[in-house]
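These notes concern the structure reproduced below.
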Amino acid sequence: MKVMSLGYLRVESPEAKEWATFGPEVLGLATSEDPLGRPNVVSLSNDDRPGRLTITEGPANRMTAVGWELPNSEELERAADELASAGVEVRRATDSERAAAQVRDLISFTDPAGFHHELFYGQLTLPGTFRPGRAMSGFVTGGQGLGHIVLVVPDLAASLDFFRGVLGFRVSDEIDMMGGRVVFFHVNPRHHSLAILGIPGMRGLHHLMLQVGDIDEVGVAHDLCADRGIPLAMTLGRHTNDRMFSFYVRTPSGFEVEYGWGADTVDDENEWVVTHMVSPSIWGHKPGAAGPPGCLEPVAASSPEWDS
Ligand SMILES: [Fe+2]
């Protein structure tokens with residue numbers, strides 16, 4: 001399956017409206033109109049593809065969709081066939097789902113942890129229109145996509161098999177931490193577009209990483225969090241595996257945003273060697289004032305959607 005990048009992310013949150021200021025003023029994201037004109041949706045982006053991150057007002061803090069980009073309609077059809085052969089129930093999109101996602105076409109399915117994924121092609125692109133919400137030099141996107149996400153999954157082995165075996169994601173490396181194991185996957189030169197952390201009985205979106213093009217942007221965002229009293233989830237630090245220089249801020253919706261710069265990329269042309277590490281950071285990334293993540297939900301040992 002030819003997944004090219006992380007295309008978009010949708011979350012639901014009671015605090016959706018706070019993103020109308022947090023997104024542009026703190027993170028520097030651009031805002032755009034919701035394509036369906038829904039008043040309870042905040043539509044944000046870090047480049048010239050509008051709606052890469054949308055937050056819809058709703059009762060719980062939860063991730064409602066991850067969108068993965070495929071290169072064209074032929075690959076979308078091939079992906080649908082491959083999912084069906086693997087015993088995964090594939091759902092075709094309605095016109096309003098295509099319009100909401102601003103893509104030509106998409107299919108959706110549920111992963112072993114119960115997360116809703118969409119595979120799409122033909123995302124709306126408006127070249128030259130990106131206007132960050134505050135003065136800044138911009139984000140690293142393009143072929144590397146929106147950024148990366150880290151998901152907490154109840155059964156690491158099942159999710160690992162699924163992302164590697166069914167979706168064809170390639171393992172970058174692993175880190176042993178918090179008594180468990182985090183596995184990092186790449187689908188393009190970005191060191192990881194997805195990582196999964198196994199915590200029995202729990203699932204949720206741990207964080208979304210947004211990468212800026214200039215180290216000073218990390219400092220400016222760090223200052224803005226301090227000035228506005230927005231608690232950090234983790235202090236400044238540098239990761240061991242992708243060498244990202246970053247801090248983590250707790251968003252209004254429970255999950256965290258890792259705001260980073262300077263990550264290494266993966267070169268699949270010259271054979272990539274998988275390693276494992278025993279610490280996520282060379283220095284820093286100490287717990288901040290935000291407290292434990294507010295985005296995890298308990299889940300039954302086996303997901304009913306997956307069993308069916
Ligand atoms: Fe990260």
Side-chain angles (χ1 to χ4, degrees), residues 5-9 11 26-29 46 52-53 63 66 68 113 115 139-141 144-153 156 159-160 163 169-178 180-199 202-213 215 217-218 221-222 225 230-251 253-266 274-288 290 292-296:
S5 71
L6 173 64
Y8 56 82
L9 190 65
V11 297
V26 178
L27 303 178
L29 298 174
N46 60 347
R52 278 198 185 268
L53 173 63
M63 185 178 79
V66 193
W68 299 103
F115 293 118
F139 295 86
V140 177
T141 61
Q144 296 191 36
L146 163 64
H148 73 229
I149 54 169
V150 175
L151 301 177
V152 171
V153 298
L156 186 91
S159 290
L160 177 55
F163 287 113
F169 287 15
R170 303 180 289 281
V171 173
S172 307
D173 42 43
E174 299 187 7
I175 300 179
D176 297 337
M177 55 186 286
M178 299 191 300
R181 188 174 157 210
V182 190
V183 181
F184 299 78
F185 301 94
H186 61 275
V187 294
N188 58 48
R190 193 183 289 286
H191 175 275
H192 55 284
S193 293
L194 170 73
I196 53 173
L197 160 64
I199 301 182
M202 301 298 277
R203 76 164 168 216
L205 170 64
H206 181 272
H207 72 263
L208 164 68
M209 187 286 301
L210 300 171
Q211 185 173 342
V212 291
I215 189 171
E217 303 298 356
V218 177
H222 192 264
C225 290
I230 301 170
L232 298 191
M234 278 198 274
T235 61
L236 282 167
R238 188 144 210 164
H239 280 305
T240 47
N241 59 348
D242 65 359
R243 304 287 173 130
M244 183 83 76
F245 170 78
S246 61
F247 70 92
Y248 290 66
V249 59
R250 178 66 43 79
T251 72
S253 303
F255 71 94
E256 295 161 15
V257 161
E258 177 183 9
Y259 207 79
W261 169 85
D264 283 351
T265 51
V266 170
V274 173
T275 57
H276 82 274
M277 280 148 267
V278 292
S279 167
S281 304
I282 300 170
W283 59 269
H285 291 144
K286 305 294 182 197
C295 55
L296 302 184

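Both counts, for ligands and for their atoms, begin at 1 and track the order of listing. Counting from 1, the numbers follow the sequence of the chain as shown.
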Under 3.5 Å: donor-acceptor pair, side chain of R52, backbone of L9 | no

Sorted by chain and number, protein N/O/S atoms nearer to the Fe ion (ligand 1) than 2.8 Å are H148 NE2, H207 NE2, E258 OE1

Short question: side chain of H222, backbone of T235 - any donor-acceptor pair under 3.5 Å?
-> no

So, T240 side chain and P280 main chain: donor-acceptor pair closer than 3.5 Å or not?
-> yes

Under 3.5 Å side-chain donor-acceptor pair for T251 and H207 = no

Any donor and acceptor pair, going by atom type alone, linking the side chain of R238 with main-chain N or O of R243 inside 3.5 Å?
-> yes

Please confirm whether the backbone N or O of V266 pairs with a side-chain atom of H191, one donor and one acceptor, at under 3.5 Å?
-> no

